[in-house]
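In what follows, a structure is listed as structure tokens, so that the remarks can point back to it.
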Protein chains: 2
Amino acid sequence: MDIVFKALSDPTRREILRLLSQGEKTAGELASKFDMTKPSMSHHFAVLKDAELISSRREGQQIWYSLNTTVAQEAIAWVMDLVERSSGKRSKRK
Amino acid sequence: MDIVFKALSDPTRREILRLLSQGEKTAGELASKFDMTKPSMSHHFAVLKDAELISSRREGQQIWYSLNTTVAQEAIAWVMDLVERSSGKRSKRK
DNA sequence: TGTCTAATTAGCCACCCGTCTAACTATTGT
DNA sequence: ACAATAGTTAGACGGGTGGCTAATTAGACA
């Protein structure tokens, strides 16, 4: 969970995720939207992959990245549980 | 938003938030639950306060900390929007 | 086999983060 | 005023992070 929130804490990476929410994109297409070198972008992809927030597949020379919403939903669940426990201090389960 | 996710990315801080979801607690009471010096704990409180995930008030010698769910809900909203855009690529607004 | 293109990996650097000890501030009580 | 208690602030230190350039891998194509 650490690495998920850490991955989300960078604005570039959040923007990458937002772009991927529109659908699969290649590394190059994503990189072209930022004022940053490809290696730097590649680093961000690696961080997002490590957190399992994105998946990748190679097709010829290009690598296609796509959003993996499962982990994102786990992050939502963690924070929501916090808020619920807080608001429901009276008679919430364990 | 950066500082919110960054604040959430540390396990000690997430545990502090979980404890505070049970209700207001003093700095000392919180610190006693961790194998860490008070200054280190104080640092974590500062990070959480800076992200506005917690609030504090002094009462005599003690400082009481409490959870601020507003910002937590904003974090949920951000991630939920991501997931929704992704799943609803067909005919979602904007 | 070369060579071009897409992308990552390697190595470097400045800065940030989490922790500690030591020192300080604030409040209570004698 | 002094001492005790609760907590923060200051400064140092090792390890991690985000950016860069240069080198490398992987695939397409002549």
Side-chain angles (χ1 to χ4, degrees), chain A residues 1-20 22-68 71 75 78, chain B residues 1-20 22-68 71 75 78:
Chain A
M1 191 89 299
D2 289 40
I3 57 175
V4 175
F5 285 119
K6 193 153 291 182
L8 290 171
S9 74
D10 183 272
T12 300
R13 288 194 289 262
R14 284 201 306 280
E15 181 66 10
I16 291 170
L17 294 176
R18 204 190 59 78
L19 287 168
L20 287 179
Q22 304 169 192
E24 214 177 18
K25 287 184 169 44
T26 66
E29 186 178 354
L30 288 168
S32 71
K33 312 248 186 183
F34 297 83
D35 185 19
M36 197 176 292
T37 63
K38 281 190 173 188
S40 298
M41 291 300 295
S42 200
H43 162 69
H44 286 305
F45 299 150
V47 172
L48 290 168
K49 260 192 85 170
D50 195 47
E52 294 182 276
L53 280 162
I54 63 175
S55 311
S56 68
R57 71 184 169 84
R58 176 178 280 275
E59 187 179 299
Q61 292 171 278
Q62 324 198 20
I63 293 183
W64 290 83
Y65 283 105
S66 57
L67 192 60
N68 178 6
V71 173
W78 191 92
Chain B
M1 192 88 302
D2 289 40
I3 56 175
V4 175
F5 286 119
K6 194 153 290 184
L8 290 171
S9 74
D10 183 272
T12 299
R13 289 194 289 263
R14 284 201 307 279
E15 181 66 8
I16 291 170
L17 294 175
R18 204 189 59 78
L19 288 168
L20 287 177
Q22 304 168 190
E24 215 177 18
K25 287 184 169 44
T26 66
E29 186 178 353
L30 288 169
S32 71
K33 312 249 185 182
F34 296 84
D35 184 20
M36 198 175 292
T37 64
K38 281 188 172 189
S40 298
M41 292 300 295
S42 199
H43 163 68
H44 286 306
F45 300 150
V47 171
L48 290 168
K49 260 193 85 169
D50 194 48
E52 293 182 278
L53 281 161
I54 63 176
S55 311
S56 68
R57 71 185 169 82
R58 177 179 280 274
E59 189 180 297
Q61 293 170 278
Q62 327 200 22
I63 294 184
W64 290 84
Y65 283 106
S66 57
L67 192 60
N68 178 6
V71 174
W78 191 92

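Worth knowing before you read on, the calculation uses all heavy atoms, side chains too, and leaves out hydrogens, waters and symmetry mates. The model shown is predicted, which means the values in this text are computed figures rather than measured ones. Letters go in sequence order (proteins before strands), and every chain restarts at 1.
Rounded to a whole Å, the CG atom of A:D2 is 19 Å from the P atom of D:dG15. Separating the CG atom of A:D10 from the P atom of D:dG16 is a distance of 18 Å, rounded to the nearest angstrom. Between A:I3 atom CD1 and D:dG18 atom C1' there is a gap of 17 Å when expressed in whole angstrom units. Between the CD1 atom of A:I63 and the P atom of D:dA28 there is a distance of 12 Å, given to the nearest Å. Nucleotide D:dG7 holds its C1' atom 16 Å from the NE2 atom of B:H44, rounded to whole Å. One can place NZ of B:K38 at 11 Å from P of D:dT5, the figure rounded to the nearest angstrom. Rounded to whole angstrom, the span from the CG atom of A:D35 across to the C1' atom of D:dG19 amounts to 12 Å. Look at CZ on B:F45: it is 14 Å from P on D:dA6, rounded to the nearest Å.
Taking each heavy atom of B:S9 and A:F5 in turn, the nearest pair found is CA-CB, 3.6 Å.
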Please output the side-chain donor-acceptor pairs of residues 30-39 of chain B that fall under 3.5 Å, not counting sequence neighbours, one pair per line with the distance.
{"unit_1": "B:S32", "atom_1": "OG", "unit_2": "B:E29", "atom_2": "O", "d": "2.6"}
{"unit_1": "B:T37", "atom_1": "OG1", "unit_2": "B:S40", "atom_2": "N", "d": "3.4"}
{"unit_1": "B:T37", "atom_1": "OG1", "unit_2": "B:S40", "atom_2": "OG", "d": "3.0"}

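Using a 4.0 Å cut-off, some side-chain N or O of A:R13 falls inside it from OP1 or OP2 of D:dG18.
Looking at which nucleotide of DNA chain C each of A:P39 and B:H43 is closest to, the 5′-most match is held by A:P39. Along DNA chain C, the nucleotide closest to A:T26 and the one closest to A:K6 are compared, and the more 5′ of them pairs with A:T26. Both B:A46 and A:T12 sit near DNA chain D, but only B:A46 has its closest nucleotide nearer the 5' end.
Distance CD1/A:I54 to CD1/A:I16: 7.0 Å, rounded to 0.5 Å. Summarising the geometry, atom CE belonging to A:M1 is positioned 13.5 Å from atom CG belonging to B:D10; distances are rounded to the nearest 0.5 Å.
At distances below 3.5 Å, not a single donor-acceptor pair connects side-chain atoms of B:R18 with backbone N or O atoms of B:L20. Not a single donor-acceptor pair under 3.5 Å links the side chain of A:N68 to the backbone N or O of A:S55.
With distances taken from any side-chain atom of B:S42 to the nucleotides D:dG18, D:dT9, D:dA26, the minimum falls on D:dT9.
When heavy atoms are screened at a 4.0 angstrom cut-off, A:Y65 is found touching the sugar-phosphate backbone but no base atom. Contacts of B:M36 with the nucleic acid, taken as non-hydrogen atoms under 4.0 Å apart, involve only primed sugar atoms and P, OP1 or OP2.
A:R14 meets the salt bridge (charged side-chain N to carboxylate O under 4.0 Å, His left out) test with B:D2; sequence neighbours excluded.
Of all nucleotides in DNA chain C having an atom under 4.0 Å from a heavy atom of chain B, the first and last in 5' to 3' order are C:dC17 to C:dT28.
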